[in-house]
S.K.: 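This is the structure I have questions about; it appears just below.
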Number of protein chains: 2
Amino acid sequence: MAGVAEQRRPTLADVASRAGVSPGTASLALRGAPGPSAASAERVRAAASALGYRADRAASRLAARRTRLLGVTLTIRNTFHAELAEALQDAAEDAGYQVLLHPVTARRGEAGAVDVLLDSRCEALLLLGTEMPSSQLAALDAHDPVVLVGRRAQGLDVVRADEAAGTALAVEHLVGLGHTRLAHVSGGSSDVARERRDGFLAAARARGLDPLVVEGAFSEDAGAAAAAEVLAAGVTGVFAANDRVALGLLDAARSAAATGSSGEGPLLAVVGYDDSPLARLGHVRLTSVSQDPGALAAAAVRTAVERLDGGREDPVDVVLAPRLVVRGSTGPLPPVRSGGGATSR
Amino acid sequence: MAGVAEQRRPTLADVASRAGVSPGTASLALRGAPGPSAASAERVRAAASALGYRADRAASRLAARRTRLLGVTLTIRNTFHAELAEALQDAAEDAGYQVLLHPVTARRGEAGAVDVLLDSRCEALLLLGTEMPSSQLAALDAHDPVVLVGRRAQGLDVVRADEAAGTALAVEHLVGLGHTRLAHVSGGSSDVARERRDGFLAAARARGLDPLVVEGAFSEDAGAAAAAEVLAAGVTGVFAANDRVALGLLDAARSAAATGSSGEGPLLAVVGYDDSPLARLGHVRLTSVSQDPGALAAAAVRTAVERLDGGREDPVDVVLAPRLVVRGSTGPLPPVRSGGGATSR
DNA sequence: TCATCTAGTACTCGTCCGCGC
DNA sequence: AGCGCGGACGAGTACTAGATG
């Protein structure tokens, strides 16, 4: 249905001549910059809207000699990344920047995404959950500020959640509910998984407990696989390495309870990690540690802007306190639940 | 850690002079365009890589008088949109275009996202699951080609999955397994929900069945709420309006089975819709109708490119056949399952 | 003479800057 | 001083005209 009104897009020159001013004046007026008188600014605005003028961002950025663009790479299917990206958008806008998102795809990979961002002259790179080797990261950072979100690296700006604190929150919550037989189903051997496991052990032992650790992975299957051992050990409170593990665990525990002797429903109080959409599912209602994407995003933008506008040189490591989102999957000991799995609301 | 090598980025002119050719020749050589001799092309490439030159995309687009940019709006938290976006990236690349993604955020909304894309001079707009009024869509389309993905609108290009066919696939699958007492838990009153309900009724009746329809919504809670009615009616096979509904239903049915008389596990075969990550969860293994994001993305790009490069004027309605992804949540009648819910693998 | 290659210039569209009024 | 103009500029591409063999 296009076709008809195929005339050339109006340019700034068109607006200027219609308003009877020079392009320079029109540019200032449209950006609300000081200079033009109120009267000419008004005439320019009127002309612009009459013509349906919209500034060409590519041209603006070229002429302005800076782009005010923050490049963001993310694994777009990762819902946590998605939430971060959304929050970054707002945070960047507040700082007078614009976000350029590029997903990491199977075909191009992270390096491909970064290339696009660099070719678009992003002034800084915010990498969500990057898996690039740190030598490459350092090389990038030598040219443009790089901010890592959710991953650590020597000598680079990092914004992350405090894993130990999040873990402690979970343990504290379980203990507060009366659970003393605790277990952790780990996420494997990655940095993050290790931090959570070590944090769990430290927090539990600090409370005089002798907790169980079942080695696992960041998957539902790992959680399900750990269920038998956890139940056999008489554990009542579990801290899972993340929500997926928690989900598998809950599900397996529920099934075991259903087929087993007591028909009382799940006997486990389970805390997850990430506060993913999974945790919010109506029938799951998983208590989970939230990394607060809004706060992480704001910190990431702030970190980049400090480098760009503030002239900071030394790398920072911003560690944010997570918070615990309590839902139905954790209850006091002995668990008082309806047979239906999640607690009644 | 930046700072040190803060010299000006090399430009095409730098590359050209180092290679001893004119900028025009260098430009052609770097793009692999015909013109330069093999020898000069090689010299240009060498100079470029020696200098670490990367063309400025903004400048290129400005000079080229076209951007070859496809603007995509999406609800980034929506995992289906995320999968589409990823597939669009690849499809666009194959067609010689580049995708510019802009998430719809709470703050700016769809109109805001579209504005950014238009200001970036995207040549066409691919809107994923748009909720814009069709008058606005028509206005956009009058200026630049608009392709709607997953939503219908008069007079506009549309790419979507065939809901009726997907529904029929689900019914056929259940009937093929021996189920004759079928039910559908609907998704409410939206267009898509209605198509799925009507498709279900038509497909079931075409097989001489008298199916049950429980009105619901696109949520786990709706699925859980429908469970009692479905079970009481003696239904054995359910087609849920989407995966979330299916999940709620499965969970409630499983709980009912656990507390109820027979300890045999879920008695329902359930088919979902969307083949979302939810369906793939290890402990869920939900049979689901897949809209095939790869195919949708390819069709969407093709549709846009036909308008841009092929000069097509009349709107098309591309309807793609969905496919059924069979997993553990559906089994033959009587269901032979281990007590653990999902079938053993 | 003709195809190949190349240089040079015009151009894209805004923004920045120096200068006059 | 406040306002506004004209033109250079940013980093490329398109096109034309000319040189080469």
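Throughout, protein chains are lettered first and strands after them, A, B, ... in sequence-line order, and every chain is numbered starting at 1.
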S.K.: Would you give a per-nucleotide map of nucleotides 16-21 of chain D, 5' to 3', where B means the base has a protein non-hydrogen atom under 4.0 Å away, S means only the sugar-phosphate does, and - means neither?
M.R.: ------
S.K.: Mind grabbing the angle between the end helix axes of the helix from C:dC2-D:dG21 to C:dC21-D:dG2? Five pairs an end, 10° rounding.
M.R.: 40°
S.K.: Measure the spacing between CG of B:L296 and OG1 of B:T303 and express it to the nearest 0.5 Å.
M.R.: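 Output value for this atom pair is 10.0 Å.
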S.K.: For nucleotides 13-18 of chain C, give me one character per nucleotide, 5' to 3': B if any protein heavy atom sits under 4.0 Å from the base, S if the only such contacts are to the sugar-phosphate, - if neither.
M.R.: BBBB--
S.K.: Quick one: list whatever passes salt bridge (charged side-chain N to carboxylate O under 4.0 Å, His left out) with B:D274, sequence neighbours left out.
M.R.: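 B:D274 satisfies salt bridge (charged side-chain N to carboxylate O under 4.0 Å, His left out) with B:R196 once adjacent residues are dropped.
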S.K.: Run the side-chain contact (heavy atoms from CB on, under 4.5 Å) test against B:T130 and tell me which residues pass, sequence neighbours left out.
M.R.: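 So B:T130 forms a side-chain contact (heavy atoms from CB on, under 4.5 Å) with B:E110, B:L127, B:M132, B:L137, B:L148, B:R151.
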S.K.: Pick from B:E93, B:R61, B:R68: which one makes a side-chain hydrogen bond (donor to acceptor under 3.5 Å, both in side chains) with B:Q98?
M.R.: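 It is B:R61, the one option of B:E93, B:R61, B:R68 that forms the side-chain hydrogen bond (donor to acceptor under 3.5 Å, both in side chains) with B:Q98.
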S.K.: If you take any heavy atom closer than 4.0 Å to DNA chain D, which residues from residues 37-44 of chain A end up in contact?
M.R.: A:S37, A:S40
S.K.: To the nearest 0.5 angstrom, please state how far the CZ atom of B:R121 sits from the CG atom of B:D119.
M.R.: 6.5 Å
S.K.: Ion pair present between A:D14 and A:R8, side-chain N to carboxylate O less than 4.0 angstrom?
M.R.: yes
S.K.: Measure the OG-CZ distance between A:S60 and A:R31 for me, rounded to the nearest 0.5 Å.
M.R.: 7.5 Å
S.K.: Evaluate side chain to side chain contact (heavy atoms under 4.5 Å, CB included) for B:L101 paired with A:I76, printing each intermediate quantity in order.
M.R.: CA-CA 11 Å; B:L101 283 186; A:I76 194 170; 3.9 Å; yes
S.K.: Rounded to the nearest Å, what distance is computed from the CG atom of residue A:D119 to the C1' atom of nucleotide D:dA11?
M.R.: 13 Å
S.K.: Rounded to the nearest 0.5 Å, how far apart are OG of A:S134 and CZ of A:R152?
M.R.: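 So the OG of A:S134 and the CZ of A:R152 are separated by 13.5 Å.
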S.K.: Between A:P145 and A:R312, is there a side-chain heavy-atom distance shorter than 4.5 Å?
M.R.: no
S.K.: Is the shortest side-chain heavy-atom distance between B:Q89 and A:R107 below 4.5 Å?
M.R.: no
S.K.: Are B:D90 and A:R108 close enough for a salt bridge, meaning some N to O gap below 4.0 Å?
M.R.: no
